[in-house]
Amino acid sequence: MKAGKRFDWFAAVNTTFLILVALLCVLPLIHIIAVSFSSSTAAAAGYVKLWPVDFTLASYEFTGGREGFWRSMLVSLERIAIGTPLNLLLTIMVAYPLSKESKNFRFRLVYAWIFFMTMLFNGGLIPWYVTIKELGLLDSIWALVLPNSVPVFSIVLLLNFFREVPKELEESAVIDGASQWTTLWRIYVPISKPAIATLALFSMVEHWNSWFDGLLLMGNPAHYPLQSYIQTIVVQQNFSAMSREDILNMAMISDRTLRASQIFLGALPIMAAYPFLQKYFVKGIVLGSVKG
């Protein structure tokens, strides 16, 4: 007689644990969405949990009706469209030579320490601002892109990923007469798609969520990125750029519902982009590329 199938306790406990972790991540977002679609009275009284109470679109109508909101969103999208490719390009260009052995790149350790020290020390806020001002970048999209164009943390991650690429691939390319440029863009970059996709997502999220640099470097509120705009309207309660009608309409909306709608709309583009990058989050791209 065949023995009965034993119950796998590890799989059950592991599945339960992962479900709880997933709920901890998803439930706050569901609560924010429910608050954004609820009336101001229900939200202020704390009646809203995971489902809207007294369903209304007042917060979204107020947010969507403001020209400044959509203008700032376009600034953030422009920042991502310029900043993310620039971050990836410079990260690849720096990580590739630093991933080589010291015998192949004589001053690799010196350059690696130079980049690493920037993660520990910086010149301070005032020298950073003065440098950007002297370069004539203030109140332009380049002030939001160029100062953080070389993400050292991403370089460290990609550097370690490049080191895991089998050396036999590079040696075979060299035997075929490939240059370093050809080896980088024809072998290393295609193989490193999972790492590059992850770094692209990191860069997009960082650019999208940044608000402090927008407040400092943008003199004209019309040039604020989305998060800086939300900071001035929702957090600082700066109504100087709002009309009298807008202020009256905002008085009829709860701060909680307005903030919830702003948070959800602010996170929506990143959530929409994530599924297109998720397919690259796989392992084993290198497996099977080297035989013998």
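Each residue takes its place number in the sequence, starting with 1.
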| query | Which heavy-atom pair separates S38 from V53 by the least distance, and what is that distance? | reply | OG-N, 2.9 Å
| said: Set out, in order, the CA-CA distance, both residues' side-chain angles and the distance that settles side chain to side chain donor-acceptor pair (under 3.5 Å) for T183 and Y188, then state yes or no. | reply: CA-CA 7 Å; T183 303; Y188 276 81; over 6 Å; no
| query | Which of parallel (below 30°), tilted (30 to 60°) and perpendicular (above 60°) describes W185 and W181? | reply | parallel
| field | Any F212 side-chain heavy atom under 4.5 Å of Q227 side chain | value | no
| task | Could you tell me the separation between the CG atom of L18 and the CG atom of N14, rounded to the nearest 0.5 Å? | result | 4.5 Å
| said: Would you say the ring centers of Y229 and Y224 fall short of 6.0 Å from each other? | reply: no
| remark: So CG of L50 and NE2 of H31: to nearest 0.5 Å the spacing works out to 8.0 Å
| request: Indicate yes or no for a side-chain donor-acceptor contact from S72 to the backbone of G68 under 3.5 Å, with no hydrogens or angles considered. | output: yes
| field | Side chain proximity check, F162 to S192, heavy atoms < 4.5 angstrom | value | yes
| note | Sorted by chain and number, sequence neighbours left out, salt bridge (charged side-chain N to carboxylate O under 4.0 Å, His left out) with E206 holds for none
| message | Once side chain to side chain contact (heavy atoms under 4.5 Å, CB included) is applied, do any residues pair with I132, and if so which ones, sequence neighbours excluded? | response | W128, L137, L138, A143, P147, L217
| query | Do L265 and Y60 have side-chain heavy atoms sitting under 4.5 Å apart? | reply | yes
| query | Do the side chains of L89 and L98 join up, straight or via other hydrophobic residues, at under 4.5 Å, putting them in one cluster? | reply | yes
| said: What's the separation between atom OG in S76 and atom CD1 in I141, rounded to the nearest 0.5 Å? | reply: 8.0 Å
| task | Mind listing the closest non-hydrogen atom pair of M218 and S140 along with its distance? | result | CE-O, 3.1 Å
| task | State yes or no: do F121 and V130 share one hydrophobic cluster built from I, L, V, M, F, W and Y residues joined by side-chain heavy-atom distances below 4.5 Å, directly or via other members? | result | no
| field | CZ-CH2 distance between F37 and W51, expressed to the nearest 0.5 angstrom | value | 10.5 Å
| query | Is there a path of hydrophobic side-chain contacts, each under 4.5 Å between heavy atoms of I, L, V, M, F, W or Y residues, that connects L27 with I263? | reply | no
| message | Under a plain distance cut-off of 3.5 Å, with no hydrogens placed, do H207 and N148 share a side-chain donor-acceptor pair? | response | no
| request: Output, in order, the C-alpha distance, side-chain angles, deciding distance and verdict of ring-ring contact (aromatic ring centres under 6.0 Å, His included) for F105 and Y111. | output: CA-CA 10 Å; F105 182 21; Y111 284 105; 5.8 Å; yes
| task | Could you please spell out the steps behind the side chain to side chain contact (heavy atoms under 4.5 Å, CB included) verdict for L157 and F202? | result | CA-CA 12 Å; L157 294 179; F202 288 168; 4.2 Å; yes
| message | With a 4.5 Å cut-off on side-chain heavy-atom distances among I, L, V, M, F, W and Y, is there a chain of contacts connecting V94 to L109? | response | yes
| message | Under a plain distance cut-off of 3.5 Å, with no hydrogens placed, do S261 and S36 share a side-chain donor-acceptor pair? | response | no
| request: Using the side-chain contact (heavy atoms from CB on, under 4.5 Å) rule, pick out the option among V21, L20, T15 that qualifies with F17. | output: V21
| said: Ignoring hydrogens, what is the shortest heavy-atom contact between L24 and P28? Give both atom names and the distance. | reply: O-CD, 3.1 Å
| Which atom pair, heavy atoms only, marks the closest approach of L86 to S149? | CD2-CB, 3.7 Å
| task | Answer whether the closest heavy-atom distance between the side chains of F115 and V156 falls below 4.5 Å. | result | no
| message | How close do A43 and V35 get, counting heavy atoms only, and between which atoms? | response | CB-CG1, 4.2 Å
| Of the non-hydrogen atoms in T131 and P127, which two are nearest, and what is the gap between them? | OG1-O, 2.7 Å
| message | Using side-chain heavy atoms (C-beta onward) and a distance below 4.5 Å, is V145 in contact with R79? | response | yes
| message | Is the shortest side-chain heavy-atom distance between K100 and R163 below 4.5 Å? | response | no
| Residues in side chain to side chain contact (heavy atoms under 4.5 Å, CB included) with N220, at least two apart? | D139, A222, H223
| message | I'd like to know if the side chain of S203 and the backbone of A200 have a donor-acceptor N/O pair within less than 3.5 Å. | response | no
| Within 6.0 angstrom of K167 NZ, more than 12 heavy atoms from elsewhere | yes
| Side-chain heavy atoms of M73 within contact of W208, under 4.5 Å | yes
| request: For residues T91 and P151, determine if any side-chain heavy atom of one lies less than 4.5 Å from a side-chain heavy atom of the other. | output: yes
| field | Ionic contact status for D176 with R186, cut-off 4.0 Å | value | no
| request: Would you check, one step at a time, whether the test side chain to side chain contact (heavy atoms under 4.5 Å, CB included) holds for T41 with D54? | output: CA-CA 9 Å; T41 304; D54 298 333; 5.7 Å; no
| message | Rounded to the nearest 0.5 Å, what separates atom CG in L77 from atom CH2 in W70? | response | 10.0 Å
| remark: Distance col, row F69:CZ vs L226:CG, nearest 0.5 angstrom, shows 5.0 Å
| query | L29, I19: one ILVMFWY side-chain cluster at the under-4.5 Å cut-off? | reply | no
